Asks: 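The structure follows.
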Amino acid sequence: MSKNLVIVESPAKAKTIEGYLGKDFTVKSSFGHVRDLPKGDKAIDIKNNFKPTYEISEDKKDVVKDLKKLAAAADVVWLATDDDREGEAISWHLKESLDLNDSKTRRIVFREITKNAILSAIQSPRTIDVDLVNAQQARRILDRLVGFEMSPILWKKIKTGLSAGRVQSVAVRLVVEREREVEGHQAKALYKVTGTFLLDKGKTLQAELGKRFNTEQEAQAFLEDCLKSEFSVKDLEKKPGKKSPAAPFTTSTLQQEASRKLSFSVAQTMTLAQRLYEAGKISYMRTDSVNLSQFAIDAAKTAITESYGAEYSHPRVFKTKSESAQEAHEAIRPTDFTVQTVGGERNEQRLYELIWKRAIASQMADAQLEKTVVTIGISQSQENFVATGEVIKFEGFLKVYLESTDDDEEDEATEDVKGMLPPIDKGQKLGLDQIRAIERYSRPAARYTEASLVKKLEELGIGRPSTYAPTISTIQKRGYVEKENRDGRERKLNELILKGNKITQNTVIENTGQEKMKLFPTDLAMVVNDFLVEHFPTVTDYSFTAGVEKEFDLIAEGKTKWQTMLKDFYTPFHERVELTNAIERSTINTGKELGKDPVTGETIIARLGRYGALVQIGEADEEKGIKPRFASLRKGQLIENITLEEALDLFKLPREVGLFEEKPMVVAIGRFGPYVRHDSKFYSLKKEDDPYTIDDQRAIEIIEGKRQADAEKLIKEFPENPEAKVLNGRWGPYIQFGKLNIKIPKDREPASVTLEEILVWSEGVTAKPSRWGRKAPAAKEPAKKAPAKKAAKKASAKKSATKKVAAKKSVAKEATAKAPAAKKAVAKKKAVAKKKK
DNA sequence: CAGTGAGCGAGCTTCCGCTTGACTT
């Protein structure tokens with residue numbers, strides 16, 4: 001048994017450090033926090049000065065047991081958890097739960113995992129900083145009080161199972177308010193004018209008019225002036241410029257760039273980064289620091305000098321902009337700068353390359369540019385055309401990496417006038433090719449992507465690197481936010497073109513409002529948000545976290561008692577909780593009155609129902625035997641936006657349009673758009689079809705068209721198992737087996753595939769097992785399983801146990817009854833596998 | 001991709017921040 005036990009938070013880190021220290025040191029990991037507040041309401045004794053009770057977390061019992069054994073046998077225990085508030089608290093919890101006494105306990109910290117840093121940390125141990133620990137306790141307790149007092153109000157007043165919290169409620173608020181901003185945006189069109197001028201040797205010059213016109217008349221008048229004008233270079237200005245590289249990645253900037261450049265979700269980015277970290281390829285991936293260790297800066301310098309030359313190297317130290325940063329780690333960087341690519345899955349490689357490029361570029365020289373601005377005068381107008389060009393004199397870091405921006409679309413308007421300009425002289429006369437004036441609509445603020453929401457949260461100091469991804473998934477799991485693609489709609493633009501002494505008018509069609517993987521708030525989010533903002537304005541305020549963080553800092557500095565801080569917060573907060581609890585449920589989700597039914601005169605309202613948003617016509621009247629009519633809102637329709645006309649349209653569908661093969665055809669709009677349903681099969685309508693007016697003839701055409709197309713795709717069927725088919729797909733032939741799609745091995749004749757082979761091949765084909773992926777989709781499963789275990793344990797408490805089991809069985813039955821072909825397929829697969837054995 | 005939709009009400013849900021592990025033939 002070694003004399004020294006070092007405890008860090010992460011096992012990967014433990015492995016690395018063990019290599020740096022001698023044989024006298026054993027390095028183990030705590031796997032993060034080991035103790036937490038228990039779930040129930042006994043966790044915090046509010047009357048007793050917020051005294052917390054802590055419990056060893058269920059999944060850490062074994063960890064603590066092992067550590068305790070090792071600690072007892074060691075002479076000295078080195079608590080080497082992260083150098084921040086949470087890390088200090090982890091050390092304290094370890095000290096408490098491992099029964100460590102002061103004499104054998106040392107607290108050490110380091111912010112980079114290098115041999116020097118570790119060894120010098122060992123040379124200067126300290127004791128646990130109680131004030132910092134208290135700041136963490138205040139943070140933890142405040143979050144629990146906020147979350148566990150506000151959530152139950154939502155259960156009672158809006159819907160069970162909902163949640164609210166210091167971080168998630170602000171995240172939802174951001175998405176809700178952005179949506180209202182977008183919906184409320186009044187697009188205003190201005191005429192943007194671009195000119196194409198002729199130079200020698202067939203070259204042309206693109207330039208944009210400085211002024212934009214409000215109306216077609218003004219644009220027309222300007223073009224008429226141009227008709228009579230001559231054009232010449234009035235001014236020619238060249239000035240040097242430079243671009244500097246961005247800082248190396250933090251968690252948040254990594255998520256943003258991986259989203260923009262690689263289209264990864266924030267969760268996907270973190271999973272891939274975790275794998276790279278565990279493989280020793282990159283430094284720690286949950287960090288808010290842009291700092292690199294001296295070791296890393298030197299290594300980057302060497303790598304850059306070798307690959308690109310000394311003139312490309314420029315060692316830099318970056319400063320964090322964020323006030324909330326705790327900087328317990330380095331920025332995200334490769335552990336070895338000479339490694340440009342790594343093995344592993346393709347996306348892992350892509351993420352690694354991004355990290356490598358960004359870190360290397362951050363230590364490279366500025367790019368030197370020369371900007372040219374050409375001002376073109378118009379003889380009959382005061383206005384000027386301006387052409388700008390940019391020439392790179394020295395690439396510098398651009399040789400490796402260029403950061404992208406959130407509003408790439410914005411560039412589309414100017415891209416045609418950037419780049420290198422042809423040689424031009426001041427005073428030179430220019431021939432005119434054409435001048436084009438086209439309407440350009442103002443754009444509303446962009447809806448958030450997962451990554452841009454993380455960016456916003458970070459700017460507000462809300463959340464931490466380890467919680468960005470979980471927060472984003474929580475607000476989606478709770479049904480507050482949905483990540484979606486939306487089709488744009490066509491918009492007509494008016495265009496005037498002056499060419500060959502003539503002005504002509506055109507209409508150009510552009511697609512506007514198209515969205516890809518953007519966050520949309522649900523009706524539920526609107527209701528919950530408005531409710532919380534009204535009754536808990538302090539907690540839902542964007543600056544609430546920043547405010548309490550300042551208080552936590554005071555506690556950490558020993559200037560405030562944590563109990564005092566909590567009391568000052570809790571007293572007015574809890575008063576609001578009581579007041580809000582007293583509000584009548586019926587006054588909250590009353591919905592929105594849209595107007596009267598023009599036919600019956602009944603009132604129409606839109607409100608949130610058990611299964612989502614609905615429109616209701618009339619109210620129930622038992623005496624008269626009147627029942628209200630209901631219709632669900634469609635994707636993209638929100639309670640607060642829906643108009644009376646749209647609501648009335650909802651009652652026109654589903655609509656029976658006629659009979660075909662003696663079975664009814666029903667037209668409706670589903671999640672994937674308008675469709676005809678016939679014989680429990682769905683047939684999508686074509687874009688040009690209007691579900692409200694489509695007739696039986698056209699519906700039959702669509703059904704027969706689909707059948708025809710399917711028949712053409714079909715290569716082979718198996719009468720003994722209708723689940724299996726060989727089809728011709730977009731990328732060649734494949735096997736459809738229940739809900740599974742199976743590849744056909746190369747150089748295999750698709751028509752000769754047998755059912756036996758399909759059963760064998762289907763073995764390897766399952767839903768791709770992602771590393772943490774099992775957690776999310778299985779969310780319902782453990783929830784069911786957990787009580788099952790409890791029930792088994794409490795076998796003596798018969799009544800409740802049997803009840804629960806019975807309830808569960810019925811759920812399970814339902815699930816299997818609904819389970820589609822795929823399950824049967826699996827069952828069959830198993831049967832075959834058994835036979836083989 | 002359909003159909004449903006208040007009401008009765010046992011006992012459940014929930015926060016944020018650290019970190020990954022693996023019961024079996």
Side-chain angles (χ1 to χ4, degrees), chain A residues 8-13 29-37 39-41 43 57 59-60 62-63 81-82 84-90 93 136 139-156 159-169 271 274 277-278 284 286 326 328 462-468 470-471 474 478 539 545 585-586 589 607-616 619-620 627-632 634-635 653-654 666 668-677 680-684 771-772 774-775 783 786-787 789 799-800 803-804 807 837:
Chain A
V8 295
E9 292 179 33
S10 144
K13 203 177 184 178
S29 139
S30 76
F31 297 90
H33 272 292
V34 293
R35 291 204 309 185
D36 192 14
L37 300 169
K39 276 189 123 191
D41 46 6
S57 312
D59 55 335
K60 299 296 164 54
D62 291 344
V63 174
T81 53
D82 293 351
D84 59 14
R85 198 163 65 203
E86 297 296 327
E88 202 68 19
I90 291 174
H93 281 299
Q136 192 274 345
R139 197 282 303 156
R140 179 68 190 91
I141 294 168
L142 180 132
D143 280 336
R144 167 58 67 84
L145 292 171
V146 168
F148 276 36
E149 294 209 7
M150 290 203 314
S151 299
I153 300 182
L154 297 180
W155 307 342
K156 275 185 270 182
K159 194 181 155 183
T160 74
L162 293 179
S163 64
R166 173 175 59 83
V167 172
Q168 60 169 286
S169 295
T271 307
Q274 175 88 26
Y277 168 67
E278 284 174 4
Y284 196 57
R286 291 187 275 263
Q326 306 202 1
I462 298 171
R464 305 280 313 133
S466 68
T467 59
Y468 294 139
T471 300
T474 298
R478 295 275 178 278
V539 177
T545 292
R585 184 193 160 100
S586 57
N589 176 23
R607 66 175 171 89
L608 209 55
R610 178 107 173 64
Y611 305 107
L614 60 88
V615 183
Q616 176 181 345
E619 277 178 57
K627 278 188 180 170
R629 289 180 289 147
F630 299 101
S632 294
R634 300 203 180 108
K635 269 261 128 84
L653 296 175
V666 178
I669 298 180
R671 277 213 294 139
F672 309 138
Y675 63 87
V676 190
R677 194 171 81 245
S680 47
K681 286 189 197 66
F682 296 87
Y683 304 84
S684 292
R771 194 143 195 261
W772 320 114
R774 248 177 302 172
K775 259 183 187 168
K789 267 187 196 166
K799 272 187 191 169
S800 68
K803 237 187 199 174
K804 264 183 200 167
K837 277 180 188 170

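Heavy atoms only: backbone and side chains are in, while hydrogens, waters and symmetry mates are out. In this text, all values refer to a predicted model and were calculated from it rather than measured experimentally. Note on naming: letters A, B, ... go to the chains in the order of the sequence lines (proteins, then strands), and numbering restarts at 1 for each one.
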Asks: How close or far is atom C1' of B/dT20 from atom CD of A/Gln274, stated in whole angstroms?
Replies: 7 Å
Asks: Could you check whether A/Gly87 gets within reach of a base, just the sugar-phosphate, or nothing at all, counting any heavy atom under 4.0 Å?
Replies: nothing
Asks: Taking atom C1' of B/dC16 as reference, at what distance in whole Å does atom CD1 of A/Ile90 sit?
Replies: 13 Å
Asks: Go through B/dT20, B/dG17, B/dT14 for me and flag the one nearest to the A/Arg139 side chain.
Replies: B/dG17
Asks: For A/Tyr284, what residues pass the ring-ring contact (aromatic ring centres under 6.0 Å, His included) criterion, not counting sequence neighbours?
Replies: A/Tyr277, A/His329
Asks: For A/Phe148 and B/dG17, give me the distance from atom CZ to atom C1', rounded to whole Å.
Replies: 14 Å
Asks: Contact class for A/Arg634 (heavy atom, under 4.0 Å): base, sugar-phosphate, or nothing?
Replies: nothing
Asks: Looking at every strand, decide which applies to A/Asp82 at a 4.0 Å heavy-atom threshold: base, sugar-phosphate, or nothing.
Replies: sugar-phosphate
Asks: Can A/Asp82 and A/Arg286 be counted as an ion pair, charged N to O under 4.0 angstrom?
Replies: no
Asks: Assess whether one donor atom and one acceptor atom, taken from the side chain of A/Arg140 and the base of B/dC15, lie less than 3.5 Å apart.
Replies: yes
Asks: Could you check whether A/Ser163 and A/Arg478, counting side-chain N and O atoms only, form a donor-acceptor pair closer than 3.5 Å?
Replies: yes
Asks: Decide, yes or no, whether a salt bridge links A/Arg464 with A/Glu86 under the criterion of side-chain N to carboxylate O below 4.0 Å.
Replies: no
Asks: Just to be sure I understand the rule, does A/Ser163 reach a base, reach only the sugar-phosphate, or reach nothing, if contact means heavy atoms closer than 4.0 Å?
Replies: sugar-phosphate
Asks: How many Å lie between CG on A/Asp41 and P on B/dC12, as a whole number?
Replies: 12 Å
Asks: Supply the atom-to-atom distance A/Arg140 CZ to A/Arg35 CZ, rounded to the nearest 0.5 angstrom.
Replies: 13.0 Å
Asks: Using Watson-Crick and G-U wobble pairs with both distances under 3.5 Å, what is the 5'-to-3' dot-bracket string of DNA chain B, with [ ] for crossing pairs and | for pairs outside the strand?
Replies: .........................
Asks: Is the shortest distance from a Lys or Arg side-chain nitrogen in A/Asp36 or A/Lys60 to a carboxylate oxygen in the other one below 4.0 Å?
Replies: no
Asks: Given the P atoms of B/dG21 and B/dG17, what is the spacing between them in whole Å?
Replies: 23 Å
Asks: Could you check A/Leu145 against A/Phe682 and say which one's nearest nucleotide on DNA chain B is further toward the 5' end?
Replies: A/Phe682
Asks: Measure the distance from CG on A/Leu608 to C1' on B/dA6 and round it to the nearest whole Å.
Replies: 13 Å
Asks: Start at the 5' end of DNA chain B and walk down; is the nucleotide closest to A/Lys60 or to A/Leu37 reached first?
Replies: A/Leu37
Asks: With sequence neighbours left out, what residues match A/His33 under ring-ring contact (aromatic ring centres under 6.0 Å, His included)?
Replies: none
Asks: Mind checking if A/Arg464 touches a base, just sugar-phosphate, or nothing, with heavy atoms under 4.0 Å?
Replies: sugar-phosphate
Asks: Classify the nucleic acid contact of A/Gly32 as base, sugar-phosphate or nothing, counting any heavy atom under 4.0 Å across all strands shown.
Replies: base
Asks: Classify A/Tyr284 by what it touches in the nucleic acid, base, sugar-phosphate, or nothing, heavy-atom distance under 4.0 Å.
Replies: sugar-phosphate
Asks: Would you please determine if the base of B/dC18 is stacked by A/Phe31, with stacking meaning a centroid separation under 5.5 angstrom and planes under 30 degrees?
Replies: no
Asks: Just call it for A/Ser29: base, sugar-phosphate, or nothing, with non-hydrogen atoms closer than 4.0 Å on any strand.
Replies: nothing
Asks: Mind calculating the distance between CZ (A/Arg166) and P (B/dG17) to the nearest angstrom?
Replies: 5 Å
Asks: Counting side-chain heavy atoms from CB outward, which of B/dG3, B/dC15, B/dC16 is closest to A/Thr474?
Replies: B/dC15
Asks: B/dT19 and B/dC23: how far apart are their P atoms, nearest whole angstrom?
Replies: 23 Å
Asks: Can you measure A/Lys39 atom NZ to B/dC12 atom C1' for me and round it to whole angstrom units?
Replies: 9 Å
Asks: Does the B/dC1 base have a donor-acceptor partner in the side chain of A/Arg677 within less than 3.5 Å?
Replies: no
Asks: By the 4.0 Å heavy-atom rule, please label A/Gln616 as base, sugar-phosphate, or nothing.
Replies: nothing
Asks: Expressed in angstrom and rounded to an integer, what is the separation of A/Leu154 atom CG from B/dC15 atom C1'?
Replies: 12 Å
Asks: What is the nucleic acid contact for A/Val167, judged by heavy atoms within less than 4.0 Å: base, sugar-phosphate only, or nothing?
Replies: sugar-phosphate
Asks: How long is the gap from NZ on A/Lys13 to CD on A/Glu278, to the nearest 0.5 Å?
Replies: 14.0 Å
